[in-house]
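Worksheet: the structure to be examined is printed underneath.
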Amino acid sequence: MSPHHRYDPMRNPLPFKIYEDLDPIPLSLDVPLTGVPALSAIATHVSPTPEGQVPDIAAITRILHFSAGITKKLRSVRGDMPFRAAACTGALYHIELYLVCGDLSGLDAGVHHFDPGESALRLLRKGDYRSALVDASGNEPAVANAPAILVYTDVFWRNAVKYQAREYRHAFWDSGTIIANTLATAAASILPAKVVTGFVDDSVNQLLSLDAQREVALALVPIGYAPEVITGAPPEIGPLELKTTPVSDFEVDFPAIREMHQASSLASRGEVVAWREELHANSVTATSVPLIPIEPQAPGALPTDPVETVITRRGSTREFSRDSVTFSELSTILERASHQIPADFLAPQGDALTDLYLIVNEVDGLRSGSYAYQRDGQTLELIREGEFRPEAGQLALGQALGADASVNLYFMAHLEPILNRLGNRGYRAAQLEASITAGRIYLAAYALGLGATGLTFYDDAVTDFFSPHAEGKSAMFLVAVGRRTRRR
Ligand SMILES: Cc1cc2nc3c(=O)[nH]c(=O)nc-3n(C[C@H](O)[C@H](O)[C@H](O)COP(=O)(O)O)c2cc1C
């Protein structure tokens with residue numbers, strides 16, 4: 001971090017990408033809601049059916065709006081501040097969404113940009129360009145049969161204005177919380193969806209005509225299933241001369257962001273295919289210590305608030321009350337959020353890349369202390385019993401939210417074997433896996449009437465705190481859960 005960089009919140013970049021000369025294709029938010037309970041949607045995997053599952057404009061609108069749309073506006077000294085469906089560091093909203101689709105009911109084939117400000121699409125390229133993404137993804141099957149593919153990009157400066165080069169991490173944190181919403185809303189719409197992180201970076205950036213010095217593609221999520229595979233050579237893709245509104249009257253370059261991204265980029269189809277072939281199941285760490293089985297609520301007893309209601313209700317908790325949550329609530333969150341993410345970096349039955357560690361401050365029915373969660377057996381391993389509220393606050397950058405929460409959930413990754421197996425791209429995958437699961441934790445907490453917030457943390461101190469158990473692991477994401485202080 002440069003001590004010379006000054007952050008002035010009054011000079012935040014515009015949180016929207018606006019194509020000035022393109023007409024909006026309005027997306028009516030008057031779409032039917034699925035009514036599917038959030039706690040079911042976050043844990044559901046929809047498989048393709050032989051007859052196909054093709055989204056129409058209503059399903060596309062629902063998915064875009066409940067992923068990255070504006071769900072509320074709050075009064076602030078700077079006027080009405082729009083907040084979005086998913087949590088985002090600093091509320092700076094640096095992740096953009098694009099839609100690449102064939103002809104859908106209510107929407108023509110094209111490469112579109114999603115504008116959450118106006119709830120509209122703008123057509124960047126007319127025609128069916130999906131084969132360009134099939135090619136860039138090395139024929140990833142979910143992309144090859146997708147009627148529609150979402151592309152998530154990161155505009156560096158919009159977050160670097162505050163966080164400098166750390167923005168690169170936030171790119172994955174903040175796209176992950178959005179993707180958690182995408183997966184849940186797609187599942188509620190009975191549409192298959194999968195996170196695809198292996199693709200030729202330049203090809204995807206060129207398709208969207210991004211200035212890759214400032215904005216890059218991070219992930220693809222193919223939506224739906226069409227029985228016919230997309231075939232044919234990718235169309236000719238030239239640069240687009242489209243005017244966008246400048247987001248800021250000043251901009252500082254942080255070359256480390258570009259260098260980190262370049263170091264994990266894939267340059268050819270061959271590289272993408274070879275990268276994906278490296279996938280095989282992780283080894284499971286056997287443990288002989290006593291394990292505590294989690295006790296999730298029975299499926300029939302779960303709250304049934306629909307996914308759309310819960311996403312709209314979600315917000316990052318600003319103050320926790322220090323009241324306890326129950327072991328059953330914590331167990332439900334762990335069980336619901338930990339279902340395997342459909343992703344190209346995970347073998348179908350493979351283990352997750354990240355491990356979940358907990359600091360339990362106040363959970364009825366569970367002794368306070370630090371724990372490791374074993375997803376496979378759905379058990380908690382007590383690492384150290386004790387009252388760790390001060391430590392939890394300290395690790396979370398000295399913020400009271402960490403101390404006051406009932407439980408702090410840390411995602412940790414043993415990066416060395418991940419990088420050995422998946423190359424530098426493994427860093428992107430580990431960050432995304434953590435943030436998508438954390439996004440599900442946000443939704444599970446709010447579905448249960450609890451609060452949650454992402455928090456920043458002191459990396460090395462977190463590893464030390466959970467060591468020797470977490471020796472060699474790096475902290476990826478922190479989400480704190482508890483009861484919200486009721487304000488009048
Ligand atoms: C990865 C991540 C880290 C965050 N870190 C902090 C934090 O350290 N302190 C804090 O008060 N809020 C933190 N937040 C919450 C954001 O400030 C919040 O998401 C943003 O203001 C948007 O508001 P909303 O989540 O209520 O929609 C974090 C959110 C995310 C996703």
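When a ligand or atom number is given, it counts from 1 through the structure's own listing order.
Cation-pi geometry between Arg384 and Phe465 is satisfied (NZ or CZ under 6.0 Å from the ring centre, within 45° of the ring normal). A cation-pi arrangement is not found for Arg313 relative to Tyr446, the charged atom failing to lie both closer than 6.0 Å to the ring centre and inside a 45° cone about the ring normal.
Residue Tyr442 places no N or O, backbone or side chain, under 3.5 Å from any N or O of ligand 1. Between Lys72 and ligand 1, no N or O atom pair is found at a separation short of 3.5 Å.
Close contacts of ligand 1 with Leu401, meaning ligand atoms under 4.0 Å from a residue heavy atom, involve 11 (O). Ligand-side atoms of ligand 1 in range of Leu455: 3 (C), 4 (C), 5 (N), 6 (C), 7 (C), 8 (O), 9 (N), range being under 4.0 angstrom from any heavy atom. The Ala87 neighbourhood of ligand 1 comprises atoms 19 (O), 25 (O), 31 (C), with distances under 4.0 Å to a heavy atom of that residue. Of all the atoms in ligand 1, the ones that sit under 4.0 Å from a non-hydrogen atom of Asp174 are 31 (C). Residue Gly315 approaches ligand 1 through these ligand atoms, each under 4.0 Å from one of its heavy atoms: 26 (O). Atoms of ligand 1 found under 4.0 Å from any heavy atom of Phe477 (numbered from 1 in listed order, with element): 1 (C).
Proximity of Tyr93 to ligand 1 is established by a heavy-atom distance of less than 4.0 Å. Using a 4.0 Å cutoff on heavy atoms, Thr89 counts as a contact of ligand 1.
Remark: among candidates Arg318, Arg314, Met81, the nearest residue to atom 11 (O) of ligand 1 is Arg318, based on non-hydrogen atoms. Considering only non-hydrogen atoms, atom 24 (P) of ligand 1 lies nearest to Ser316 out of Gly454, Ser316, Ala480, Ala438.
Atoms CD and CD1, on Glu433 and Ile418 in that order, are 7.5 Å from each other to the nearest 0.5 Å.
Annotation for Glu251: atom CD counts as buried by contact number, over 12 foreign heavy atoms lying within 6.0 Å. When the shell of 6.0 Å around CD1 of Ile190 is examined, it contains 12 or fewer heavy atoms from other residues, nucleotides or ligands.
The aromatic rings of Tyr427 and Tyr168 sit parallel, their planes meeting at an angle under 30°, below the 60° perpendicular limit.
The closest protein non-hydrogen atom to atom 20 (C) of ligand 1 is Cys88 O, 3.2 Å. Of the protein's heavy atoms, Ala91 CB, 3.5 Å lies nearest to atom 21 (O) of ligand 1. Atom 1 (C) of ligand 1 has as its closest protein heavy atom Trp173 CE3, 3.2 Å. In this structure, atom 9 (N) of ligand 1 lies nearest to the protein heavy atom Gln399 OE1, 2.7 Å.
Tyr357 and Phe466 have their aromatic ring centers within a separation under 6.0 angstrom. For an aromatic pair to be called close, the ring centres must be under 6.0 Å apart, and Trp173 with Phe457 satisfies this.
Only one option out of Phe477, Tyr163, Phe156, Tyr93 pairs with His170 in a ring pair (Phe, Tyr, Trp, His ring centres under 6.0 Å); it is Tyr163.
Note on Lys194 versus Glu140: salt bridge recorded, some NZ/NE/NH1/NH2 to OD/OE distance being below 4.0 Å.
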